[in-house]
**Q** 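This is the structure I have questions about; it appears just below.
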Amino acid sequence: MSCVRSKILSGDGVVHGFGMGGVSLQYHLHVLNFKDAIFFNTNQMHGDGIVKLSHNLAILPSHQLEADAFITNEPGIVCYVRTADCVPILLHDPVKKVVAAVHAGWRGTALNIASKVVELFEKEYGSNRNDIKAAIGPAIGGECYEVGAEVIASVSEAI
C-alpha cells in the first residue's frame, strides 16, 4: 500500500496519510477515498513560512504557494507537504477542527516551525495546545545522514 495512516489521528475522522515518493497526490487521495478535494500547488522553501489555506485561495489553482506549513479549518481542503529526508508532521485539533501539514527540515526545525504552527492554532483558531495531536511521518535516519558545522550550530542555537 502506498499510504500509511497514523493511529494517533485515526480516531478523529481526519482523512490523512503518509505516502511514498513517486506517487501522485491524486493517487493518495484516491487510496484515502477523499473525493472532491481542494488542493494547492505547493513548494516547500526550507524555512518557517506558514500559509492559511481557504476556499478563497482556490480561485487561483495554478498559483504556487511557497511555505513549509499549511493550515486550515475548512473541510475539503487538503494540507500536504512533500519530503525526502525532512520530517513531515501532521497536526490536528479535534476540538476546533483545525489541521496542518508541516515540512520540518533542519532549517525549519532550527526556526521552530512546528511551535509556530501550534501558536497559530492558538492565535487564529482558539485552540488549546493540550488538544492538539501530532503524527510524525518517516524521515531519513541518523545513520544515513551526516551534518556539517552549520547545521549543528543552527540547531544548537534553537535549543
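In this chain, numbering begins with 1 at the start of the sequence shown.
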**Q** Can you find a heavy atom in the side chain of C86 that is under 4.5 Å from one in the side chain of H46?
**A** yes

**Q** The criterion is salt bridge (charged side-chain N to carboxylate O under 4.0 Å, His left out); which residues satisfy it with K96, sequence neighbours excluded?
**A** none

**Q** Which side chain to side chain donor-acceptor pair (under 3.5 Å) pairs, counting each pair once, include a residue from residues 98-111, with sequence neighbours left out?
**A** D68-H103

**Q** With a 4.5 Å heavy-atom cut-off, do F39 and L53 have their side chains touching?
**A** no

**Q** Among residues at least two apart in sequence or on other chains, which ones pass side chain to side chain donor-acceptor pair (under 3.5 Å) with E119?
**A** none

**Q** With sequence neighbours excluded, tell me which residues meet side-chain contact (heavy atoms from CB on, under 4.5 Å) with A101.
**A** C79, V81, L90

**Q** Please name all residues satisfying side chain to side chain donor-acceptor pair (under 3.5 Å) with N73, sequence neighbours left out, ordered by chain then number.
**A** none

**Q** Among residues two or more places apart or on two chains, list those pairs meeting side chain to side chain donor-acceptor pair (under 3.5 Å) that have a residue in residues 149-159.
**A** none

**Q** May I ask whether V95 and V118 are part of the same hydrophobic cluster, defined by side-chain heavy atoms of I, L, V, M, F, W, Y residues being less than 4.5 angstrom apart, directly or through others?
**A** no

**Q** Atom CD in E66, atom CG in N43: separation rounded to 0.5 Å?
**A** 5.0 Å

**Q** Tell me, please, which residues at least two apart from L111 pass side-chain contact (heavy atoms from CB on, under 4.5 Å).
**A** D48, K116

**Q** With sequence neighbours left out, write down each residue that passes side chain to side chain donor-acceptor pair (under 3.5 Å) with S6, or none if nothing qualifies.
**A** none

**Q** Flag the pair K52 / L57 as yes when at least one side-chain heavy-atom distance between them is below 4.5 Å, and no otherwise.
**A** no

**Q** Just verifying a value: how many Å separate Q44 CD and T83 OG1, rounded to the nearest 0.5 Å?
**A** 8.0 Å

**Q** According to the side chain to side chain donor-acceptor pair (under 3.5 Å) rule, which pairs have a member within residues 134-143, sequence neighbours left out?
**A** none

**Q** Would you say Y125 and I71 make side-chain contact, with heavy atoms under 4.5 Å?
**A** yes

**Q** Count I, L, V, M, F, W, Y as connected when their side-chain heavy atoms are under 4.5 Å apart, and connections chain through other members. Are L120 and L65 then in the same cluster?
**A** no

**Q** According to side-chain contact (heavy atoms from CB on, under 4.5 Å), who are the partners of D36, at least two apart in sequence or on a separate chain?
**A** none

**Q** Partners of E74 by side chain to side chain donor-acceptor pair (under 3.5 Å), sequence neighbours excluded?
**A** H55

**Q** By the ring-ring contact (aromatic ring centres under 6.0 Å, His included) test, which pairs, at least two apart or in different chains, include something from residues 69-96?
**A** none

**Q** Mind checking whether V99 and L9 have side chains closer than 4.5 Å, heavy atoms only?
**A** no

**Q** Decide whether V117 and V51 are clustered together by the hydrophobic rule: side chain heavy atoms of Ile, Leu, Val, Met, Phe, Trp, Tyr closer than 4.5 Å, transitively.
**A** no

